[in-house]
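Before any comments, here is the structure.
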Amino acid sequence: MIKITLPDGSVREVETGTTAAQIAADIGPGLAKAALAARIDGEVRDIMRPLDVDTQLALITSRDEEEALELARHDFAHVLAEAVQKLYPGTQITFGPSTDDGFYYDFAPSGDPFTDDDLPKIEEEMRRIIKADKPLRREVWERNDLIKLWEKDGETFKAEWAAELPEGDEISVYWSGDDWMDMCRGPHLPSTGKLDPQAFQLTRVSGAYWRGDQRNPQLSRIYGTGWLNKKQLKAHLVRLEEAAKRDHRKLGQEMDLFHFQPEAQGSVFWHSQGYVMWRELEAYMRRKQDGADYKEVKTPQIMDARQWEASGHWGKYRENMFVVPDEVPSVDDDAPVISADADMMALKPMNCPAHVLIFRQGIKSYRDLPMRMAEFGCCHRNEPHGALHGLLRVRQFTQDDAHIFCREDQIVDEVRHFCDLLDGIYKDLGFESYAIKLALRPEKRFGTEEMWDKAEQNLRDAVHEAGRAGEEYQWEELPGEGAFYSPKLEFHLTDAIGRTWQCGTIQLDYVLPERLDASYIGEDGARHRPVMLHRAILGTFERFLGIMIEHHAGRMPTWLAPTQAVVATIVTDANDYASEVTEKLKAAGIRVSPDLRNEKINYKVREHSLAKVPNILVVGMREAEEGKVALRKLGQKEQLFLTLDEAVALLQDEALAPDLKETTA
RNA sequence: GCUGCUGUAGCUCAGUGGUAGAGCGCGUCAUUGGUAAUGACGAGGCCGGGAGUUCAAUUCUCCCUAGCAGCACCA
């Protein structure tokens with residue numbers, strides 16, 4: 001007999017080998033039906049797994065949503081694999097986990113990879129397996145027996161996987177009925193019938209490398225989204241639609257903000273409406289950085305390759321650099337355009353080496369430190385074609401870059417100072433929550449182990465001292481994620497629909513000052529090596545504006561809105577007055593345009609609302625006679641009747657950038 | 001870079017082995033209308049580029065190119 005303690009504290013004595021399912025049945029038929037799995041001493045286990053020692057037991061039902069979803073998605077993945085092997089004999093199975101919204105499974109097809117056209121048939125087969133309510137049975141195998149089985153079945157990927165598990169280990173497999181089996185740690189639901197056949201959808205196919213490594217064979221991955229019931233699935237599909245509506249690429253076209261075209265793939269053509277947003281954001285950042293004692297500089301776009309060799313970029317990063325020959329191209333049709341021994345230059349992929357060159361001009365004293373050198377630096381990186389994505393991943397971009405040259409004993413203060421600056425800016429820009437991560441040394445790196453130890457510890461200390469190493473910043477350390485020359489702090493924003501974006505970063509670098517021989521004269525009269533903090537808050541203007549557009553779903557706060565107000569007439573007799581209103585708003589610094597077209601007011605309101613103009617000032621004869629305007633705010637039906645002066649004052653205040661508002665308040 | 005899908009009017013998309021169609025937008029005319037689409041008429045296309053099959057290719061095949069989704073990459 002063993003003792004089972006339930007969540008309410010009650011204890012039951014049962015036979016050794018009793019399952020959680022039997023206990024559930026004992027408690028009541030309702031629970032027996034609802035129970036999906038068991039939490040045994042804190043760990044989720046199969047409900048059919050026999051209990052053989054005294055345990056704390058809690059039964060998991062669909063009310064324990066997080067665990068239930070995880071179980072269901074994992075089971076969907078197995079059902080997917082079973083269905084695929086049934087429909088496409090000879091397909092090898094590999095690996096199929098749950099994801100944030102569903103599941104996937106990677107297959108090695110015997111012929112061509114799967115396509116979208118295969119999905120409906122597979123879904124149908126999955127539903128059949130679910131409806132058959134096949135029991136899912138756990139079985140323990142000895143490792144070598146299992147490897148032999150996989151090899152016999154031609155499952156080479158599974159065999160490889162099993163062979164890497166420790167020798168002599170017992171490995172669990174799960175049977176679906178008696179005719180299909182996969183190696184799996186579990187846990188699983190008791191049977192396929194616990195899944196809702198209407199709660200999943202196969203969404204897409206893609207290629208994926210075996211074990212995530214480009215050098216390995218490419219497998220065919222099938223993705224699905226999976227939920228506990230149809231309602232959840234539907235809600236998720238609606239969320240996807242909402243997210244698609246705020247896609248910055250779509251809004252960028254609709255709002256006439258920017259475009260891309262093949263002649264400059266991965267580089268943005270900013271239209272005037274979009275560039276207004278850029279200019280406002282840049283002006284704001286410039287005010288904030290000037291206020292924080294940064295000194296702004298501007299450095300060359302193209303530098304000699306030897307400079308990039310010295311900085312180390314030529315060796316490690318050349319494949320991503322745009323290289324330019326320093327030579328007049330040949331005009332002779334038969335000759336190569338560029339000779340083989342041309343001197344090479346490169347477009348800067350980053351600003352730091354140029355900033356070190358400025359630092360090195362003249363002799364620097366310890367009194368000059370910390371020196372905060374900022375640049376809105378335009379960089380080029382030759383990103384792989386498949387990586388490009390709207391404004392979020394581009395080949396030409398402008399960073400809000402700065403490098404802080406300082407002494408080691410100033411690092412913690414400078415990092416803390418930076419955290420405060422960043423915090424204020426994110427809040428000003430409408431992002432209330434963000435996470436902080438410390439990315440530790442990568443495999444490919446410069447510098448000594450001691451240097452990395454020191455650099456990592458400094459950043460860790462700074463965040464702790466800034467009081468930001470806590471839960472509210474989801475503080476964590478990420479091994480292997482650092483830059484090749486330094487560890488870095490990463491700042492991840494959360495947007496309006498809960499997605500996260502890494503924007504801000506600060507990196508502590510001992511390597512580059514050494515390589516490029518930067519030094520200052522200390523109090524002791526000797527030469528010393530400064531450390532260099534690389535930092536950005538927005539990251540790049542392109543990407544950050546993309547994130548802002550999605551965050552606000554195109555309805556930008558008035559200070560950033562390309563057009564802040566439209567003056568729309570109801571009848572042409574009000575045109576003169578509308579022009580007067582427009583002029584007055586313009587004189588007050590508002591970005592306003594008149595709409596005097598011979599169209600109905602309904603049409604104009606609709607059009608400017610769709611264009612996401614935050615203020616529509618409607619004027620007809622009534623307003624013209626009384627010297628008033630009817631102000632309609634975007635998204636609201638009610639309107640304000642204001643005198644012209646009141647309207648000017650209101651819009652002027654609304655159009656102030658957040659930092660300017662603070663000082664006037 | 002890898003896998004799959006896609007490329008037709010300014011935009012969103014139909015369609016066909018015999019060189020094209022809708023809605024919106026645009027232009028002209030009429031309409032002067034109080035808060036999310038007034039009506040009529042009209043102008044727009046080398047059907048992404050190249051090669052092949054065919055009497056004939058926007059349509060079928062191959063290559064290239066760009067975009068999209070994912071993978072890998074992101075100093």
Legend entry - Nucleotide B:C13, atom C1' - distance to CD of A:Q253 in whole Å: 13 Å
Inset, instruction - Taking only the side-chain heavy atoms of A:S609 (C-beta and beyond), determine which of B:G34, B:U12, B:A36 contains the nearest atom. - result: B:A36
Inset, instruction - For each nucleotide in nucleotides 66-71 of chain B, reading 5' to 3', give B when a protein heavy atom comes within less than 4.0 Å of its base, S when such contact involves only the sugar-phosphate, and - otherwise. - result: SSSSBB
Inset, instruction - Looking at every strand, decide which applies to A:A630 at a 4.0 Å heavy-atom threshold: base, sugar-phosphate, or nothing. - result: base
Legend entry - Side-chain N or O of A:K637 closer than 4.0 Å to phosphate OP1/OP2 of B:A36: yes
Inset, instruction - Classify the side chain of A:R393 and the base of B:C73 as holding, or not holding, a donor-acceptor pair under 3.5 Å. - result: yes
Legend entry - Toward the 5' end of RNA chain B, by each residue's nearest nucleotide, A:V571 or A:D117: A:D117
Inset, instruction - Can you tell me which stems RNA chain B forms, taking runs of 3 or more consecutive Watson-Crick or G-U pairs with both distances under 3.5 Å? - result: B:1-7 with B:65-71, B:10-13 with B:21-24, B:26-30 with B:38-42, B:48-52 with B:60-64
All N/O pairs under 3.5 Å across the protein-nucleotides 24-26 of chain B interface:
unit_1 : atom_1 : unit_2 : atom_2 : d
B:G25  : OP1    : A:Y603 : OH     : 3.4

Hey, what are the protein-to-nucleotides 41-48 of chain B N/O distances that come in under 3.5 Å?
none

Legend entry - Qualifying residue, where the test is side-chain contact (heavy atoms from CB on, under 4.5 Å) with A:E414 and the options are A:V531, A:I506, A:I404, A:L508: A:I404
Inset, instruction - Take atom P in B:G50 and the same atom in B:A37, then report the distance between them in whole Å. - result: 45 Å
Legend entry - Contacts of A:M548 that satisfy side chain to side chain contact (heavy atoms under 4.5 Å, CB included) - sequence neighbours left out: A:L429, A:F431, A:F544, A:H552, A:M556, A:L560
Legend entry - Side chain proximity check, A:Y577 to A:E625, heavy atoms < 4.5 angstrom: no
Inset, instruction - Describe the nucleic acid contact of A:I601 in one word from base, sugar-phosphate, nothing, applying a heavy-atom distance below 4.0 Å. - result: sugar-phosphate
Inset, instruction - Find which nucleotide of RNA chain B each of A:Q639 and A:Y485 is nearest to by heavy atoms, and output the residue with the more 5' nucleotide. - result: A:Q639
Legend entry - Base B:U32 to side chain A:T572, donor-acceptor N/O within 3.5 Å cut-off: yes
Inset, instruction - Could you give the distance separating B:G17 and B:G39 at their C1' atoms, to the nearest angstrom? - result: 41 Å
Inset, instruction - Mind calculating the distance between CG (A:N320) and P (B:C74) to the nearest angstrom? - result: 9 Å
Inset, instruction - Can you sort out which residues in residues 93-109 of chain A have a heavy atom within less than 4.0 Å of RNA chain B? Ascending by number, please. - result: none
